[in-house]
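Working notes, beginning with the structure itself.
These values consider heavy atoms only, across backbone and side chains, with no hydrogens, waters or symmetry-generated copies. The chains referred to below are lettered A, B, ... by the order of the sequence lines, with proteins before strands, and numbering in each begins at 1.
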There are 2 protein chains.
Amino acid sequence: MDNLIKDFQVNCENCSLDAICLPRGLSRQEVEELSDVVKNDAVLQRGEYIYHQGDVFKGIMAIKSGSAKLVTNDDRGNEHILNVLLPGELIGFDGLNQNKHNCSAIALEVMGFCEIPADMFDDLCLKVPGIARELFKHSSETLNESQDLIVSSKRAAEEKLAMFLMSLSDRLKNRGFSPLAFNLPLTRQEMGDHLGLTLETVSRMLQQLQNNGLIEVQKKQIKIKDLQGLRNIYFSKTN
Amino acid sequence: MDNLIKDFQVNCENCSLDAICLPRGLSRQEVEELSDVVKNDAVLQRGEYIYHQGDVFKGIMAIKSGSAKLVTNDDRGNEHILNVLLPGELIGFDGLNQNKHNCSAIALEVMGFCEIPADMFDDLCLKVPGIARELFKHSSETLNESQDLIVSSKRAAEEKLAMFLMSLSDRLKNRGFSPLAFNLPLTRQEMGDHLGLTLETVSRMLQQLQNNGLIEVQKKQIKIKDLQGLRNIYFSKTN
DNA sequence: CGTATTATTGACTCCATTCAAAGATAGTGG
DNA sequence: CCACTATCTTTGAATGGAGTCAATAATACG
């Protein structure tokens with residue numbers, strides 16, 4: 001392979017996300033082997049699909065830039081957003097059980113991603129000792145996030161919004177972005193589809209959080225004015 | 001080891017659940033190797049813990065008989081039941097991410113289980129080629145179940161109950177139990193904690209399903225009179 | 001038998017939804 | 001550049017479904 005070209009390619013070894021993505025727990029040599037099987041040249045526009053619900057298991061994908069949503073549609077035409085994915089996060093685990101994807105993954109904005117193709121998956125687990133464990137960790141993380149959403153589903157509307165903004169803020173911070181000012185990659189409708197609210201309620205609750213001095217909101221731009229205040233809404237409303 | 005004793009022990013090779021538990025996708029030899037590391041003599045009473053939230057990752061456990069619940073408690077003293085586990089189902093994946101358990105697992109009745117101890121986990125994945133893939137499948141199944149619960153969290157109370165009973169019925173059927181008559185291992189409060197309802201609403205909705213001729217309910221005994229009717233409540237209420 | 005736990009049922013309340021209307025924004029083509 | 005359309009957002013008023021509070025009944029258990 002031509003070294004000149006190779007030097008300009010982003011691979012796992014020189015990716016800026018290595019500390020939060022799959023390579024985080026791997027040795028230098030393991031990362032090299034991983035890098036060899038990873039395809040990393042895909043770019044999508046908002047609305048384009050990474051995979052469709054029902055597709056044969058495509059592989060495990062890592063978001064490199066931009067963001068995506070995991071979606072399942074019910075028979076009433078309602079869209080349920082199971083998760084919102086940021087750079088460094090892995091998707092595709094939903095396809096491992098029945099060898100077909102249990103939900104769709106859709107780009108929320110211009111988005112780049114890498115891929116461990118399905119036919120490499122088992123092989124890679126055998127060849128690279130640390131990779132199975134690392135994949136289990138990511139899978140477990142996904143599971144824990146789902147469980148957080150289940151807990152949040154039983155809370156009041158204002159608390160759901162507070163927890164959603166906190167979660168975004170925390171995860172953006174981990175990725176080196178500003179935790180206090182960011183753009184929502186979702187419409188009000190999509191936030192509602194994620195949190196189990198109508199778009200009107202989402203709008204009203206964002207307004208309310210702003211009126212209480214916790215955030216500033218202008219369309220999709222969010223500024224967090226009082227992070228601790230946001231946390232207090234979600235936690236310790238005990239008594 | 002004494003053959004006489006060994007003959008009386010239940011292990012993976014002679015377990016009746018092998019078709020739905022971990023061994024389902026493994027070769028005969030792989031099952032033997034699995035059997036060697038699995039501890040399978042634990043029995044618990046209702047209310048006893050398999051592991052506590054916050055515990056160091058203990059391992060992956062398989063329910064052998066009885067049932068269990070996965071629970072997380074919030075700071076307001078509310079219990080959230082993330083899942084109900086039946087024989088052949090695996091728990092513990094929540095501990096793989098941070099090497100500590102993210103929820104508690106509690107017996108719902110007299111319950112037996114097997115265990116792949118944490119310190120065997122990585123080793124086993126390396127030695128038995130098929131086991132990692134099989135574990136990923138179970139982990140993925142757990143994830144898909146969580147996502148089903150997220151979808152159900154946005155439905156009306158009656159539909160939540162219908163889908164819960166359907167899910168139990170389907171899973172009991174897979175395990176060779178009657179899908180049309182069974183005992184709920186949960187109290188009304190616990191069903192509420194699982195579905196995001198109050199115990200009063202659970203009681204009322206069970207009553208309502210009975211009045212509509214779909215089930216017969218007497219305390220914890222459930223008889224399903226019209227399985228298709230139950231399904232119709234959850235699905236195709238489109239228009 | 002008495003106590004604690006669990007379940008049922010009714011009346012009232014409140015929060016999120018629904019329905020409706022208007023305003024803001026982005027994108028397209030003339 | 002403006003007009004036009006489609007999409008998204010905000011806001012208000014009315015409705016309804018699940019929660020809350022309360023009382024009673026049934027069951028399990030020591």
Atom pair distance, as rounded to whole Å: [atom1] in [X] and [atom2] in [N]:
{"X": "B:Asn78", "N": "D:dG19", "atom1": "CG", "atom2": "P", "answer": "12 Å"}
{"X": "A:Glu200", "N": "C:dG23", "atom1": "CD", "atom2": "P", "answer": "17 Å"}
{"X": "B:Glu109", "N": "D:dA28", "atom1": "CD", "atom2": "C1'", "answer": "17 Å"}
{"X": "B:Gln210", "N": "C:dT8", "atom1": "CD", "atom2": "P", "answer": "9 Å"}
{"X": "B:Arg204", "N": "D:dC21", "atom1": "CZ", "atom2": "P", "answer": "13 Å"}
{"X": "A:Asn183", "N": "D:dC8", "atom1": "CG", "atom2": "C1'", "answer": "15 Å"}
{"X": "A:Met191", "N": "D:dT10", "atom1": "CE", "atom2": "C1'", "answer": "13 Å"}
{"X": "B:Leu197", "N": "C:dA16", "atom1": "CG", "atom2": "P", "answer": "16 Å"}

Under 3.5 Å, is there a donor-acceptor pair between the [X] and [Y] side chains?
{"X": "B:Asp74", "Y": "B:His80", "value": "yes"}
{"X": "A:Glu158", "Y": "A:Gln208", "value": "yes"}
{"X": "B:Gln147", "Y": "A:Thr72", "value": "no"}
{"X": "A:Asn102", "Y": "A:Gln98", "value": "no"}
{"X": "B:Thr198", "Y": "B:Thr201", "value": "yes"}

Is A:Glu159 paired with A:Lys154 through a side-chain N to carboxylate O contact shorter than 4.0 Å?
->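 No salt bridge links A:Lys154 with A:Glu159.
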Determine the interplanar angle of the A:His101 and A:Tyr51 rings, folded into 0 to 90°, and report it as parallel if under 30°, tilted if 30 to 60°, perpendicular if over 60°.
->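 Taking A:Tyr51 first and then A:His101, their aromatic rings lie parallel (interplane angle under 30°).
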What is the bend of the helix from C:dC1-D:dG30 to C:dG30-D:dC1 when you compare the axis at one end with the axis at the other, using five pairs each and rounding to 10°?
->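 Answer rounded to 10°: the end axes differ by 50°.
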Without swapping roles, check the side chain of A:Arg175 against the backbone of A:Gly88 for a donor-acceptor pair under 3.5 Å.
->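 No, the answer is negative, given that no donor and acceptor are paired below the 3.5 Å cut-off.
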Within the distance-only criterion (no hydrogens, no angle test), does the side chain of B:Lys160 pair as donor or acceptor with the backbone N or O of B:Leu195 below 3.5 angstrom?
->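 Side chain of B:Lys160 to backbone of B:Leu195: a pair is present.
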Just by protein heavy atoms under 4.0 Å, how would nucleotides 2-7 of chain C read 5' to 3' in B, S and -?
-> -----S
So does B:Thr198 get a side-chain nitrogen or oxygen closer than 4.0 Å to the phosphate oxygens (OP1/OP2) of D:dG19?
->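 It does, given that an N or O in the side chain of B:Thr198 lies less than 4.0 Å from OP1 or OP2 of D:dG19.
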Any side-chain N or O of A:Thr201 less than 4.0 Å from the OP1 or OP2 oxygen of C:dT17?
->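 Checking A:Thr201 against C:dT17: at least one side-chain N or O falls below 4.0 Å of OP1 or OP2.
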Taking for each residue the nucleotide of DNA chain D bearing the nearest heavy atom, is the 5' side occupied by B:Gly196 or by A:Val202?
->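 With B:Gly196 and A:Val202 compared, the 5'-side residue is A:Val202.
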